[in-house]
Protein chains: 2
Amino acid sequence: MAECEHDHDGPEGLSGHHLSHALHDAEDRCVRAGERMTQPRRRALELLLEAGKPMKAYDLIEIFGEDGRPAKPPTVYRALDFLAKLGLAHRIESLNAYVACEMGERNHAAAFLICDCCGATEEVEPFAPEKVQAAASKSGYIIEAVTVEAHGRCGACAS
Amino acid sequence: MAECEHDHDGPEGLSGHHLSHALHDAEDRCVRAGERMTQPRRRALELLLEAGKPMKAYDLIEIFGEDGRPAKPPTVYRALDFLAKLGLAHRIESLNAYVACEMGERNHAAAFLICDCCGATEEVEPFAPEKVQAAASKSGYIIEAVTVEAHGRCGACAS
DNA sequence: AGCATCTCGATACATTATATCGGTATCACC
DNA sequence: GGTGATACCGATATAATGTATCGAGATGCT
């Protein structure tokens with residue numbers, strides 16, 4: 001999947017007070033949803049936010065323990081499922097990876113631009129949700145969720 | 001993923017002369033592309049066409065041998081990769097599955113309506129390719145391929 | 001306190017996918 | 001028709017990704 005040999009590192013994630021602010025926001029949102037921001041859930045989100053790009057579940061598993069010890073897979077998968085359910089993170093199907101949500105509260109639906117070179121992704125507004133519904137109802141389908149993942153190269157990697 | 005308990009069987013695939021016609025077409029297309037329709041490739045496509053809905057790689061592996069014996073995984077994955085490369089089949093990322101292409105020659109890009117109840121899928125025209133490109137270039141991305149998978153229920157399962 | 005529910009950690013296992021290697025088929029060219 | 005280059009195949013082994021289950025602890029409700 002790494003299709004070019006550019007010499008740059010790709011995207012940066014959050015750290016310091018940006019990170020703690022984001023985590024605090026998430027906790028808030030969580031409480032308002034009537035859910036609990038437990039330790040493993042917070043840790044999973046923290047790692048995604050720090051990374052600033054999609055992370056594989058097993059990469060998170062490796063670095064999950066604050067003491068450097070890996071987590072058990074179900075711990076991480078449960079946390080990621082939870083974050084996805086709340087919209088705090090998204091699963092990128094075409095990468096088998098997870099990324100922290102970059103949108104605010106109001107965006108359940110998401111679409112992604114994905115750089116196959118450096119691994120960066122950008123979360124964008126879904127492109128034409130009404131067209132999806134229209135095409136679907138023409139075929140009799142009721143649509144509940146749409147995956148949109150556009151692969152290519154980011155500005156830095158394309159140049 | 002099976003979210004309803006309807007008592008119907010979902011979609012039918014091809015058989016008899018519809019099947020052989022489709023296979024013949026595919027072979028044609030293959031030759032015109034300067035590629036070879038070898039036995040495992042033909043067999044993989046035949047199974048996808050017969051199924052008429054997305055199939056998991058390991059389900060194909062189970063039934064791959066004409067004599068009832070399973071194939072080795074690389075045999076099937078290689079065949080599927082080839083079919084996908086030629087546009088004779090598509091991978092559905094959100095299902096880890098593969099489905100025969102329902103469009104004619106001219107449709108590299110595809111989008112899917114997917115019934116989470118009966119497993120049917122319908123291949124449709126991509127919804128708004130120009131919007132994708134527009135959104136992407138606003139962010140500096142050059143897009144090469146887009147995955148669009150809309151999940152919900154088909155007419156039969158919704159009713 | 002007593003009870004229901006949610007969550008967690010751990011073990012084991014299931015599913016999905018790929019790396020590699022040696023042999024065979026096909027094709028272009030002489 | 002031989003010769004080399006390339007594409008393809010079968011087989012073995014292993015890697016990567018994801019889940020079922022179970023017992024214990026935490027949380028919230030009455």
Side-chain angles (χ1 to χ4, degrees), chain A residues 1-2 26-27 30-48 54-86 88-99 119, chain B residues 1-2 26-27 30-48 54-86 88-99 119 147 149:
Chain A
M1 205 54 117
E27 181 143 9
C30 197
V31 169
R32 267 178 289 126
E35 301 281 359
R36 297 181 233 164
M37 179 56 85
T38 63
Q39 214 284 324
R41 291 167 178 180
R42 164 182 286 268
R43 176 59 173 159
L45 181 56
E46 180 180 24
L47 290 173
L48 291 181
M55 296 285 282
K56 301 270 200 174
Y58 273 78
D59 292 341
L60 296 180
I61 284 169
E62 289 307 318
I63 60 175
F64 202 79
E66 314 262 5
D67 55 359
R69 289 217 309 274
K72 310 294 179 186
T75 299
V76 171
Y77 278 101
R78 286 194 284 229
L80 291 170
D81 288 349
F82 173 82
L83 295 174
K85 189 181 74 181
L86 251 70
L88 295 168
H90 302 286
R91 176 176 167 87
I92 311 284
E93 298 287 352
S94 55
L95 299 177
N96 295 338
Y98 300 81
V99 66
Chain B
M1 204 55 116
E27 182 142 10
C30 199
V31 170
R32 266 179 290 127
E35 300 280 0
R36 297 181 233 164
M37 180 55 85
T38 62
Q39 212 283 324
R41 290 167 179 180
R42 166 182 287 269
R43 176 59 172 160
L45 181 56
E46 180 181 23
L47 290 173
L48 291 180
M55 296 285 283
K56 300 271 199 174
Y58 273 77
D59 292 340
L60 296 180
I61 284 168
E62 289 307 318
I63 59 175
F64 202 78
E66 314 262 7
D67 55 358
R69 290 218 306 275
K72 310 294 181 187
T75 299
V76 172
Y77 278 102
R78 285 193 284 228
L80 292 170
D81 288 349
F82 172 83
L83 295 174
K85 189 181 72 181
L86 252 70
L88 295 168
H90 302 285
R91 175 175 166 87
I92 311 283
E93 297 289 352
S94 55
L95 300 176
N96 294 337
Y98 299 82
V99 67
T147 296
E149 299 171 8

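As the structure is a prediction and not an experimental result, all values here were calculated from the model. In what follows, every chain begins at residue 1, and chains take the letters A, B, ... in the order their sequences are listed.
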Could you tell me whether the side chains of E149(B) and S94(B) share a donor-acceptor contact shorter than 3.5 Å?
yes
Rounded off to whole Å, could you give me the [atom1]-to-[atom2] distance for the [X] and [N] pair?
X      : N       : atom1 : atom2 : value
D81(B) : dC8(D)  : CG    : C1'   : 14 Å
N96(B) : dA16(D) : CG    : P     : 17 Å
Y77(A) : dT21(D) : OH    : P     : 18 Å
M37(B) : dA7(D)  : CE    : P     : 18 Å
M55(A) : dT17(D) : CE    : C1'   : 15 Å
Y98(A) : dT17(D) : OH    : P     : 10 Å
E62(A) : dA15(D) : CD    : P     : 13 Å
E93(A) : dT17(D) : CD    : P     : 14 Å

Under 6.0 Å from the CZ atom of R69(B), do we count more than 12 heavy atoms belonging to anything else shown?
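Counting other residues, nucleotides and ligands, CZ of R69(B) stays at 12 neighbours or fewer.
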Just one of H90(A), M55(A), R91(A) clears the side chain to side chain contact (heavy atoms under 4.5 Å, CB included) bar with Y98(A), so which one?
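That would be R91(A); it is the only one of H90(A), M55(A), R91(A) passing the side chain to side chain contact (heavy atoms under 4.5 Å, CB included) with Y98(A).
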Base, sugar-phosphate, or nothing: which does P74(B) touch, judged by heavy atoms less than 4.0 Å apart?
base
Between atom [atom1] of [X] and atom [atom2] of [Y], what is the distance when rounded to the nearest 0.5 Å?
X      : Y      : atom1 : atom2 : result
L95(B) : K56(B) : CG    : NZ    : 6.5 Å
L88(B) : L48(B) : CG    : CG    : 10.0 Å
T75(B) : I61(B) : OG1   : CD1   : 8.5 Å
Y58(B) : F64(B) : OH    : CZ    : 13.5 Å

Please compare R78(B) and R91(B) by the position of their nearest nucleotide in DNA chain C and report the one closer to 5'.
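With R78(B) and R91(B) compared, the 5'-side residue is R91(B).
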Return whichever of R36(B) or F82(A) has its heavy-atom-nearest nucleotide of DNA chain C closer to the 5' end.
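So the residue in question is F82(A).
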Reading DNA chain C 5' to 3', which nucleotide is the first, and which the last, to come under 4.0 Å of any heavy atom in chain A?
dC6(C) to dT11(C)
Starting at the 5' end of DNA chain D, which residue's closest nucleotide do you reach first, Y58(B) or K56(A)?
Y58(B)
